[in-house]
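A short worksheet on the structure shown next.
Position 1 is the first residue of the sequence, and the numbers go up from there.
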Amino acid sequence: MENRFEFKSSTADDGTIGDCMLGQEEVAAIEEALRKVCPFGEVRLVVERGRLRWLVVQQSLDVLKLVRHAKAD
C-alpha cells in the first residue's frame, strides 16, 4: 500500500532554490509518517527545487502472518 501526501511549504513559492532546512512542521510530518509504517515499510522524501514536496509512505505486509491468520479462521 502506498500513500502520497503533498507537502506545501510555509515559504513563498518564488521558484528559487530553497535552503534545504526542515522546519518543525516538516519534521512532525516525517515523524508521523514513520509512525504509520512501523514495523515494516518505507518513507520517501521527494524534494523539488530544494524543498520538501512529497512524503511517500509505503506500508509492507508480512504475507506469512496474513496466511497464518487466514488459515486460523
Side-chain angles (χ1 to χ4, degrees):
M1 288 184 260
E2 183 173 294
N3 295 315
R4 185 178 280 214
F5 301 97
E6 183 174 6
F7 186 83
K8 299 208 177 193
S9 177
S10 57
T11 58
D13 189 15
D14 58 6
T16 60
I17 302 298
D19 61 4
C20 298
M21 297 295 292
L22 297 175
Q24 287 181 324
E25 185 178 276
E26 293 93 345
V27 172
I30 293 167
E31 288 177 347
E32 179 62 27
L34 289 170
R35 275 191 286 279
K36 288 182 178 184
V37 299
C38 290
F40 303 106
E42 67 182 46
V43 175
R44 285 182 276 145
L45 308 179
V46 179
V47 176
E48 230 177 54
R49 297 183 193 150
R51 294 186 186 154
L52 181 61
R53 176 75 169 128
W54 299 94
L55 290 178
V56 181
V57 179
Q58 185 169 350
Q59 293 177 314
S60 299
L61 303 174
D62 187 344
V63 175
L64 294 177
K65 288 183 181 179
L66 291 173
V67 171
R68 278 186 238 149
H69 180 62
K71 286 182 179 180
D73 291 344

What distance do Trp54 atom CH2 and Arg44 atom CZ have between them, rounded to the nearest 0.5 Å?
12.5 Å
Quick one: CG on Leu52 to CG on Leu22, what's the gap to the nearest 0.5 Å?
6.5 Å
Any idea which heavy atoms bring Val37 and Gln58 closest together, and the distance?
CG1-O, 3.8 Å
Of the non-hydrogen atoms in Leu55 and Ala33, which two are nearest, and what is the gap between them?
CD1-CB, 4.5 Å
Quick check: is Phe40 connected to Val56 through a chain of hydrophobic side chains (ILVMFWY, heavy atoms under 4.5 Å apart)?
no
Suppose we screen for side chain to side chain donor-acceptor pair (under 3.5 Å). Which residues come up paired with Glu32, at least two apart in sequence or across chains?
Arg35
Tracing side-chain contacts under 4.5 Å among Ile, Leu, Val, Met, Phe, Trp and Tyr outward from Val67 reaches Val63
